[in-house]
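Have a look at the structure below, then the notes.
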Amino acid sequence: MKRTLIQHAVIVNEGRKVLGSVVIENEKIAEILVGEEKAASPCDEIIDASGCYLLPGVIDEHVHFRDPGLTHKADITTESHAAAAGGITSIMDMPNTNPQTTTLEALEEKFTLLGEKSAVNYSCYFGATNTNYTQFAQLDKHRVCGVKLFMGSSTGNMLVDRMASLRNIFGGTDLLIAAHCEDQGIIKENTDKYKKEYGDDVPLALHPLLRSEEACYRSSELAVQLARETNARLHIMHISTAKELSLFSNAPLTQKRITAEACVSHLLFTEEDYQTLGARIKCNPAIKTAQDRKALQEAVNSGLIDAIATDHAPHLLSEKEGGALKAMSGMPMIQFSLVSMLELADKGVFTIEKVVEKMAHAPAQMYEIRNRGFIRKGYQADLVLVRPDSEWTVTTDCILSKCKWSPLEGHTFNWKVEKTFANGHLLYNNGEIDETYRGQELRFR
């Protein structure tokens, strides 16, 4: 049985930094050694991690890998390789594919695809519609990470627009309900107003006014109200405004039934970046003001925001052409999410311990993932080695997402992902992916 020793790293885990080593054996963390402690028995492989930080693998609970049906943009193979290169060892995929993951048959097909193609560990959401809540009781709570709910007040594209349906959804499952909250009625009013002024394609800079603060707040407020009425487990995704933060608590995560996510894009960019990056940073909900970004960053530290994810959503660059109504929304962020957050730590926005908490520990706790998300003896050896003071620049050549672009092209990072281990397997090693490896299905509760 192979034993691998990762030695002389700064281990970042559960709020602490400590110089030490980790032994991997049989896919799991067998020993955690502090300082100069020696392994209990000889190791077959020794990795010198001097100068590196050893973190638990990132768990990204919000990705769109576009498989099945939209694979001209991305697919599970390419995007899971991008994930591994970014230090992400587990993902949870969204249901708005083609076909949508809104039936039990489509769910099984998605799991089969993930099992065949994903290099990292995986689960996927079951998508809620106005009428499919009767199927919730048949979902396997040990396999399905949650129910994805697109809340809105008009029909189309998986939007749940009937109050009776919303009540049935919130009252119909004890699975985590992951909600996209934007009020479509407000968005339609805003759109109609600006189309009268600008015509069929409103300027991109007005995207945050179409998908406004009020549209976000009104929908999030309703979701929180329904969750409280039904005692549902609610997780509101990609919070983008300071105003919404008033809906959440900074109580310890273990005491919460209602949690909030911030996405890397909303922690990095502001509306001023539309001038230089254009539709490359167009996403829903929209990138908003510098004040909103600052409030979100502070909320990560205060505990109002519980997790950081990507909403990784690739499109072809040709699909990102046009203004606020024509350019598609979404951007590929998974490969550069961890190093982006470590860069914010360098700037004093967060600590590295906080980055690990929000990107690894908290998702594992919120979703009740078995034996992952922490560096603990007996846990799966999902680990990432990152090196500080290692300058490199994002170029098209290094992008592994199928769409082959990033809003971060040309940006120089000082943090580098050197190695990513999934279940003890060296999946990513200094630019090289083991394309033969397949991740494991996540297990919950």
Side-chain angles (χ1 to χ4, degrees), residues 12 14-15 58-62 151 176-183 208 211-225 227-228 233-273 281 283-312 333 337-367 373:
V12 185
E14 303 191 65
V58 171
I59 299 171
D60 192 340
E61 33 89 359
H62 189 171
M151 285 184 63
L176 179 147
I177 298 169
H180 178 136
C181 293
E182 290 184 285
D183 187 293
R211 292 180 170 269
S212 62
E213 173 188 76
E214 190 61 23
C216 295
Y217 179 80
R218 193 78 63 83
S219 184
S220 293
E221 182 184 39
L222 175 60
V224 168
Q225 175 192 328
R228 286 176 176 156
R233 175 72 186 85
L234 172 67
H235 183 50
I236 300 187
M237 307 194 115
H238 42 44
I239 298 296
S240 64
T241 72
K243 187 173 183 179
E244 289 170 280
L245 296 170
S246 65
L247 299 169
F248 304 105
S249 160
N250 62 358
L253 183 55
T254 53
Q255 298 175 19
K256 291 187 185 185
R257 299 283 293 171
I258 298 171
T259 51
E261 167 201 284
C263 283
V264 168
S265 50
H266 294 104
L267 295 168
L268 287 181
F269 303 118
T270 75
E271 61 186 2
E272 295 172 7
D273 294 311
I281 62 161
C283 57
N284 299 336
I287 304 293
K288 296 188 173 68
T289 68
Q291 290 77 19
D292 288 311
R293 179 181 67 177
K294 187 172 190 297
L296 292 173
Q297 291 173 347
E298 290 173 350
V300 168
N301 288 320
S302 71
L304 292 174
I305 294 290
D306 300 286
I308 297 172
T310 62
D311 191 12
H312 176 78
M333 293 297 288
S337 58
L338 176 58
V339 290
S340 292
M341 295 301 95
L342 293 173
E343 182 176 271
L344 289 186
D346 279 346
K347 294 177 179 178
V349 176
F350 315 125
T351 63
I352 189 171
E353 295 94 331
K354 186 63 68 177
V355 171
V356 168
E357 176 192 338
K358 300 299 183 179
M359 298 186 82
H361 301 338
Q365 290 175 296
M366 288 187 329
Y367 286 82

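As the structure is a computational prediction, the values presented were derived from the model and not from experiment.
- Residue Glu298 holds its CD atom at 10.0 Å from CZ of Phe350, rounded to the nearest 0.5 Å.
- In terms of modelled atom types and a separation under 3.5 Å, the side chain of Gln365 and the main chain of Leu253 share no donor-acceptor contact.
- Side chains of Ser240 and Lys288: a donor-acceptor N/O pair is present below 3.5 angstrom, by distance only.
- Taking Gln291 as the reference, Thr289 meet the side-chain contact (heavy atoms from CB on, under 4.5 Å) condition, with sequence neighbours excluded.
- Ala242 is linked by a side-chain contact (heavy atoms from CB on, under 4.5 Å) to Asp292, Ala295, counting only residues two or more places apart in sequence or in another chain.
- In this structure, the separation between CD on Gln255 and CG on Asn250 is 10.5 Å, given to the nearest 0.5 Å.
- What you find for Pro285 and His266 is that their closest heavy atoms are O-NE2, 3.0 Å.
- One finds the CG atom of Leu267 at 11.0 Å from the OG atom of Ser337 (value rounded to the nearest 0.5 Å).
- With hydrogens and angles disregarded, no donor-acceptor distance shorter than 3.5 Å links the side chain of Thr270 to the backbone of Ala290.
- Counting heavy atoms from C-beta on, the side chains of Thr351 and Val355 never come closer than 4.5 Å.
- Atoms CZ and CD1, on Arg211 and Ile287 in that order, are 12.5 Å from each other to the nearest 0.5 Å.
- Residues meeting the ring pair (Phe, Tyr, Trp, His ring centres under 6.0 Å) test with His235, sequence neighbours left out: none.
- In terms of heavy-atom proximity, Val58 sits nearest to Met359 at CG1-O, 3.5 Å.
- Atom CZ of residue Phe248 and atom OG of residue Ser302 lie 11.5 Å apart, to the nearest 0.5 angstrom.
- Listed by first and then second residue, the salt bridge (Lys or Arg N to Asp or Glu O under 4.0 Å) pairs that reach into residues 253-270 are Lys256-Asp306, sequence neighbours excluded.
- Using modelled atom types and a 3.5 Å distance limit, the side chains of Glu244 and Thr241 yield a donor-acceptor pair.
- Contacts of Glu221 classified as side-chain contact (heavy atoms from CB on, under 4.5 Å), with partners at least two apart in sequence or in another chain: Tyr217, Arg218, Leu247.
- The nearest pair of heavy atoms linking Ile352 to Ala345 is N-CB, 4.1 Å.
- Between Val300 and Ile308, the shortest heavy-atom contact is CG1-CD1, 4.2 Å.
- In this view, Lys358 satisfies the side chain to side chain donor-acceptor pair (under 3.5 Å) rule with no residue, not counting sequence neighbours.
- Residues that satisfy the side chain to side chain donor-acceptor pair (under 3.5 Å) test with Arg293, not counting sequence neighbours, are absent from this structure.
- For Asp60 (side chain) and Asp311 (main-chain N/O), no donor-acceptor pair under 3.5 Å exists by modelled atom type.
- Partners of Glu272 under the salt bridge (Lys or Arg N to Asp or Glu O under 4.0 Å) rule, at least two apart in sequence or in another chain, do not exist in this structure.
- Here the closest non-hydrogen pair linking Leu268 and Asp273 is O-OD2, 4.5 Å.
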Criterion side chain to side chain contact (heavy atoms under 4.5 Å, CB included) on Val264 and His312, from CA distance to verdict: CA-CA 9 Å; Val264 168; His312 176 78; over 6 Å; no
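- Closest non-hydrogen pair, Met151 versus Ser219, comes out as CB-OG, 3.8 Å.
- Residues satisfying the side-chain contact (heavy atoms from CB on, under 4.5 Å) test with Gln225, not counting sequence neighbours, are Leu222, Glu229.
- Applying the salt bridge (Lys or Arg N to Asp or Glu O under 4.0 Å) test to Glu357 and every residue at least two apart in sequence or in another chain returns Lys354.
- Put simply, OG1 on Thr259 and CD1 on Ile239 are 9.5 Å apart, with the number rounded to the nearest 0.5 Å.
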Side chain to side chain contact (heavy atoms under 4.5 Å, CB included) evaluation trace for Arg228 with Ile258: CA-CA 8 Å; Arg228 286 176 176 156; Ile258 298 171; 3.8 Å; yes
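- With sequence neighbours excluded, the residues forming a ring pair (Phe, Tyr, Trp, His ring centres under 6.0 Å) with His62 are His64, His238, listed by chain and number.
- With a 4.5 Å cut-off on side-chain heavy atoms, Leu296 and Leu304 do not count as touching.
- For Glu353, the salt bridge (Lys or Arg N to Asp or Glu O under 4.0 Å) partners at least two apart in sequence or on another chain are Lys17.
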